[in-house]
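Every chain is numbered from 1 and lettered A, B, ... according to where its sequence line falls, protein lines coming before strand lines.
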Number of protein chains: 2
Amino acid sequence: MHDDDIANIMRALGHPVRLNILRFLASQQQGECCCGDVTESLPLAQSTVSQHIKVLLDAGLIERKAHGTRNRYTIRHDRLEEVSSAFGGLLDGLSFRAPQKEAEPA
Amino acid sequence: MHDDDIANIMRALGHPVRLNILRFLASQQQGECCCGDVTESLPLAQSTVSQHIKVLLDAGLIERKAHGTRNRYTIRHDRLEEVSSAFGGLLDGLSFRAPQKEAEPA
DNA sequence: CGGAATGATCGGTGAATTGCGATGAACATG
DNA sequence: CATGTTCATCGCAATTCACCGATCATTCCG
């Protein structure tokens with residue numbers, strides 16, 4: 001994963017409403033979870049929620065499955081794994097300046 | 001850590017230049033690392049770099065120490081730990097909708 | 001004290017984000 | 001086919017972001 005991808009995903013995660021939506025989806029996982037449900041759980045207009053959902057979609061964090069007249073959204077756990085490891089890698093890279101040598105000064 | 005804090009930090013991490021700056025700081029850790037050094041490593045104006053540094057500062061990800069006429073910047077590893085665990089917690093919360101029951105169906 | 005260097009901050013510009021209501025496409029149902 | 005539901009998308013306004021050059025405060029040095 002490149003910096004741009006990571007940055008993209010971080011930006012997608014960088015809004016409290018979006019975190020809320022993700023959490024809501026996670027909590028509803030097994031059942032229905034359409035845009036309307038999400039909208040009801042938030043003090044925002046439907047169009048705004050749809051917008052936020054689109055950001056999450058574009059970042060690849062959620063998935064849309066058409067289901068009759070509704071759209072069912074689910075979290076992409078596979079992607080979450082990737083994000084997790086990319087983030088871990090990022091933090092690793094930042095920690096104590098990844099030494100070039102294979103052993104630390106004994 | 002609240003959603004707003006997490007979102008804030010994610011937003012701070014949500015720009016490739018800022019990731020670059022962090023990495024650069026990490027790589028220079030032991031020595032000097034002032035704004036000028038960072039600026040030289042990027043195709044951006046000094047004021048822009050300073051701006052990005054401010055974002056990282058505000059997010060608490062780096063630290064400024066005055067050092068004569070220069071400012072020395074360092075990564076706040078303590079904070080990075082916090083971020084790491086907060087992020088882990090977030091992902092945990094999103095994974096497989098944290099079951100209410102203490103045991104899974106055996 | 002008079003430069004020179006460093007770098008934060010200010011003002012400005014254009015692009016992107018966030019929010020909204022309104023519209024329109026897709027689908028189910030009578 | 002007409003109607004109702006769901007929701008993505010389209011303007012639109014307000015705010016924030018990213019970037020820049022210019023300026024100003026601080027500090028060092030002669």
Side-chain angles (χ1 to χ4, degrees), chain A residues 3-25 28 31-76, chain B residues 3-25 28 31-76:
Chain A
D3 268 11
D4 285 333
D5 303 316
I6 298 182
N8 254 340
I9 290 172
M10 291 301 155
R11 203 151 14 98
L13 293 174
H15 195 293
V17 165
R18 248 121 56 192
L19 294 183
N20 260 310
I21 293 177
L22 285 178
R23 271 201 257 273
F24 185 80
L25 288 190
Q28 303 275 318
E32 316 272 293
C33 206
C34 52
C35 180
D37 296 333
V38 181
T39 300
E40 271 179 26
S41 80
L42 292 169
L44 291 171
Q46 178 263 324
S47 54
T48 304
V49 172
S50 200
Q51 199 90 339
H52 280 298
I53 285 179
K54 185 167 165 39
V55 173
L56 292 172
L57 266 177
D58 288 348
L61 294 173
I62 64 177
E63 197 175 3
R64 168 175 13 205
K65 278 170 283 186
H67 191 68
T69 162
R70 321 189 167 211
N71 283 334
R72 192 178 294 176
Y73 289 100
T74 51
I75 291 187
R76 289 190 51 184
Chain B
D3 268 11
D4 285 333
D5 303 316
I6 298 183
N8 254 340
I9 289 172
M10 291 302 155
R11 204 148 15 97
L13 292 174
H15 195 293
V17 166
R18 247 120 57 191
L19 294 182
N20 260 310
I21 293 178
L22 284 177
R23 270 203 256 273
F24 185 80
L25 289 190
Q28 302 274 319
E32 316 273 294
C33 205
C34 51
C35 180
D37 295 333
V38 181
T39 301
E40 271 178 27
S41 80
L42 293 168
L44 292 171
Q46 178 263 322
S47 55
T48 304
V49 172
S50 201
Q51 202 90 336
H52 280 299
I53 284 178
K54 186 167 164 39
V55 174
L56 292 172
L57 266 176
D58 288 347
L61 295 173
I62 63 176
E63 197 176 3
R64 171 179 4 209
K65 279 170 281 186
H67 190 71
T69 160
R70 317 185 170 216
N71 284 332
R72 192 179 294 176
Y73 289 99
T74 51
I75 291 187
R76 289 192 51 185

>> Apply side chain to side chain donor-acceptor pair (under 3.5 Å) to residues B:Asn8 and B:Arg11 and explain how you reach the verdict.
In response: CA-CA 5 Å; B:Asn8 254 340; B:Arg11 204 148 15 97; 2.9 Å; yes
Between [X] and [N], does any side-chain N or O lie under 4.0 Å from OP1 or OP2?
{"X": "A:Asn71", "N": "D:dT6", "result": "no"}
{"X": "B:Arg18", "N": "D:dA18", "result": "yes"}
{"X": "A:His52", "N": "C:dT17", "result": "no"}
{"X": "A:Arg64", "N": "D:dA8", "result": "yes"}
{"X": "B:Thr69", "N": "C:dA5", "result": "no"}
{"X": "A:His15", "N": "C:dG19", "result": "yes"}

In whole angstroms, how far is the [atom2] atom of [N] from the [atom1] atom of [X]?
{"X": "A:Arg72", "N": "D:dA8", "atom1": "CZ", "atom2": "P", "answer": "14 Å"}
{"X": "B:Asn8", "N": "C:dT17", "atom1": "CG", "atom2": "P", "answer": "17 Å"}
{"X": "A:Lys65", "N": "D:dA8", "atom1": "NZ", "atom2": "C1'", "answer": "19 Å"}
{"X": "A:Lys54", "N": "D:dC10", "atom1": "NZ", "atom2": "C1'", "answer": "13 Å"}
{"X": "A:Arg70", "N": "C:dA25", "atom1": "CZ", "atom2": "C1'", "answer": "17 Å"}
{"X": "B:Asp4", "N": "C:dT18", "atom1": "CG", "atom2": "P", "answer": "13 Å"}
{"X": "A:Asp58", "N": "C:dT17", "atom1": "CG", "atom2": "P", "answer": "10 Å"}
{"X": "B:Ile53", "N": "C:dT6", "atom1": "CD1", "atom2": "P", "answer": "14 Å"}

Closest approach of [X] to [Y] (non-hydrogen atoms, all atoms of both residues):
{"X": "A:Val38", "Y": "A:Cys33", "result": "CG2-SG, 4.4 Å"}
{"X": "A:Asp4", "Y": "B:Pro16", "result": "OD1-CG, 3.2 Å"}
{"X": "B:Met10", "Y": "A:Gly14", "result": "CB-CA, 3.7 Å"}

>> Contact between A:Thr39 and A:Cys35 at the side-chain level, heavy atoms closer than 4.5 Å - yes or no?
In response: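 Yes, at least one pair of side-chain atoms sits under 4.5 Å.
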> From D:dC17, C:dT6, D:dA8, pick the nucleotide closest to the side chain of B:Arg11?
Replying inline: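 When the side chain of B:Arg11 is considered, D:dC17 is the closest of D:dC17, C:dT6, D:dA8.
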Atom pairs and distances, donor-acceptor, side-chain atoms in residues 42-64 of chain A, under 3.5 Å, two or more places apart:
residue	atom	partner	partner atom	Å
A:His52	ND1	A:Arg18	NH1	3.1
A:Arg64	NH1	A:Tyr73	OH	3.4

> At what distance, to the nearest 0.5 angstrom, does NZ of B:Lys65 lie from OG1 of B:Thr74?
Replying inline: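 The OG1 atom of B:Thr74 is 3.5 Å from NZ of B:Lys65, to the nearest 0.5 Å.
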Give me, pair by pair, the N or O atoms of the protein and of nucleotides 20-23 of chain C that are less than 3.5 Å apart, along with how far apart they are.
residue	atom	partner	partner atom	Å
C:dC20	OP2	A:Ala45	N	2.9
C:dC20	OP2	A:Thr48	OG1	2.6
C:dG21	N7	A:Ser47	OG	3.1
C:dG21	O6	A:Ser47	OG	3.2

